[in-house]
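Down below is the structure, laid out as structure tokens.
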2 protein chains.
Amino acid sequence: MSSNLIHMILSEKTIYPHVSVDCVVLGFDGMHFKVLLLKRTGMEGETRFSDLKLPGRLIYSNEDLDEAAQSVVVELIHSTTIFLHQFRSFGSPGRTSNPRDLHWLENAVKLKIGRIITVGYLALIRIDDKLRFKSDTLQATWVPVREVGKLAFDHNVIIQEAMHEVSRYVTMDPSVVFNLLPKRFTASQMRTLFEELFDQAMDVRNFHKKMSRMNYLVATDEFEHGVAHRAARFYRFDKKIYLKSHGGFNLNSSL
Amino acid sequence: MSSNLIHMILSEKTIYPHVSVDCVVLGFDGMHFKVLLLKRTGMEGETRFSDLKLPGRLIYSNEDLDEAAQSVVVELIHSTTIFLHQFRSFGSPGRTSNPRDLHWLENAVKLKIGRIITVGYLALIRIDDKLRFKSDTLQATWVPVREVGKLAFDHNVIIQEAMHEVSRYVTMDPSVVFNLLPKRFTASQMRTLFEELFDQAMDVRNFHKKMSRMNYLVATDEFEHGVAHRAARFYRFDKKIYLKSHGGFNLNSSL
DNA sequence: ACAAAAGTGTTCCGCATACACCCATGC
DNA sequence: GCATGGGTGTATGCGGAACACTTTTGT
């Protein structure tokens, strides 16, 4: 091993940044987008603090980035296949400048940390009855995206970028939204999702027309129960029909 | 400094990957997309080899990714402001598996290298009379994207991803193409660019109509000279008009 | 005159937009 | 019966797609 290398490390002017993955796990509860965050506690001087962070970790020495991201999500959630895509990396040296973050991190990984470059991943999750967290001890919570407070590191920025990325995905391929909607969903759930995502109201009639143009969107014979107004019809996404008309090219394939 | 850290480094099972930026510098010569590549020579066993690679380098210890990418491009090209955007990171452990690449790299940076995670940047350049490379010794060459041979590392993959990214940018905001076209350009140059980018022929009349709908695209009184057919009119992109009608939101801002 | 590329108009269709009222249900 | 949200049709305009001939210039 080059003495040059050891010298650089010992001088703590290392050019070896750490690399992590952070996963923005997004869900939609029928009303709002929610992001999955983990509780973090640590010491800041004499006082103990507690705040929230994105799920993520340093990558292992011989691990692919996609694998690392996948494992981060899989360790949190029981799931089949997940929409999971890298969307961008964050490498500002200032992103670990908060002493609170740095101390917490060095305590967590038992390593001296200079800087961390993180690769952002976007996961889209169906929040439904089947969804279970793998462990309560992980302290995972869904937080409405609009109500997220100050997070660790630059995780607020990462979430904002992830939301932009979702809208780009949906613009290119609207069927991406079916990763977020329940198996059976009403027209207004779907419309609300679009309204939240693009932050603009949509005309109800025009939205119904848009839906009826999607031949892969099939109306079921099921309706809501027990609501204090006319019951809404449930729709479902038919993947087979979709794949026939969009042969091969779609963004829904998981990693 | 933690002895843990030193131990990991000495054992060469370090979890400290190197991080680099690689820049896919794309131009359009009026006929084809071209990518800027650098000559690389090295030894493979007893024999000397020579091939091509993307411009890029390891990041410095306290350097932002965007800055690193910017400096890579600026060191190659005299330029004003450049369209330069991060598009994705490449972190497969296998990407440095070719012994030729590994040996070349370790010789170049005088460091023992385990793996490298690289952040891909896309730069769009106007190939015109003003374009000059800063130094001949850098051995930079424009290679038509369709004719690029086997490159170092996974640079072929990176270029393919970059091309996809360009078409996504242009789809979202067609004015991105004016980063590639000369200051004065003909309708057929612009059309050829779209045809190359989306790999499909476009109807000439419909394309002219599309152009005339872009109010920020102004017809000049200049025409081609000395061509063996009717001379084509030159057009130019009027950025002021563009910014008025697309207030603030555009992808053309440089970093 | 001929070769080679530039430039021009019309029709058709799908999709976005704008807009107002009746329907089913629980309380 | 009333409050609440679900669901429906029409008219207008823009932009994409298809399609053939005339114009200009150099040789």
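Since the model is a prediction, treat every value here as computed from it, not as a measurement. Sequence lines set the chain letters: A, B, ... in the order given, protein chains first and strands last, and positions in each chain run from 1.
- A:Asp203 has its CG atom 14 Å from the P atom of D:dT8, to the nearest Å.
- Distances shorter than 4.0 Å separate none of the side-chain N or O atoms of A:Arg205 from OP1 or OP2 on C:dA18.
- Taking only side-chain atoms of A:Ala228, from C-beta outward, the nucleotide of C:dA5, D:dT4, C:dG26 with the closest atom is C:dG26.
- Nucleotide C:dA6 holds its C1' atom 9 Å from the CZ atom of B:Arg191, rounded to whole Å.
- The side chain of B:Arg213 lies closest to D:dG16 when the candidates are D:dT8, D:dG16, C:dC15.
- Distance A:His208 NE2 to D:dT10 C1': 17 Å, rounded to the nearest Å.
- Of the listed residues (B:Arg233, B:Arg184, B:Arg236), just one forms a side chain to side chain donor-acceptor pair (under 3.5 Å) with B:Glu222, and that residue is B:Arg184.
- No N or O donor and acceptor, one from the side chain of A:Lys210 and one from the base of C:dT17, sit under 3.5 Å apart.
- At whole-Å resolution of the value, CD in B:Gln200 and C1' in D:dA18 are 14 Å apart.
- The separation between A:Arg230 atom CZ and D:dG6 atom P is 10 Å, rounded to whole Å.
- Counting any heavy atom pair closer than 4.0 Å across all strands shown, B:Thr186 reaches no nucleic acid atom.
- Side-chain atoms of A:Lys209 stay outside donor-acceptor range of the base of D:dT8, with no qualifying N/O pair under 3.5 Å.
- The base of D:dA18 is paired with the side chain of B:Asn206 by a donor and an acceptor separated by under 3.5 Å.
- Ring planes of A:His85 and A:Tyr169: tilted class, angle from 30 to 60°.
- Between A:Met190 atom CE and D:dG7 atom C1' the separation is 16 Å, expressed in whole Å.
- A:Glu195 places its CD atom 14 Å from the P atom of D:dG5, with the value rounded to the nearest Å.
- Proximity note for A:His229 (side chain, C-beta onward) versus C:dA6, C:dG7, C:dA24: the nearest is C:dA24.
- Aromatic rings of A:Phe90 and A:Phe153 (six-membered ring for Trp) have centroids beyond the 6.0 Å cut-off, not under it.
- As a whole-Å value, the separation of A:Met211 CE from C:dC15 P is 16 Å.
- With a 6.0 Å radius and a threshold of 12 heavy atoms from other residues, nucleotides or ligands, B:Lys150 has its NZ atom above the threshold.
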Taking it one step at a time, do B:Leu151 and B:Ile159 satisfy side chain to side chain contact (heavy atoms under 4.5 Å, CB included)?
CA-CA 10 Å; B:Leu151 302 179; B:Ile159 291 173; 3.4 Å; yes
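- Where B:Ala231 and A:Ala232 each meet DNA chain D at their nearest nucleotide, the meeting point lying more 5' is that of A:Ala232.
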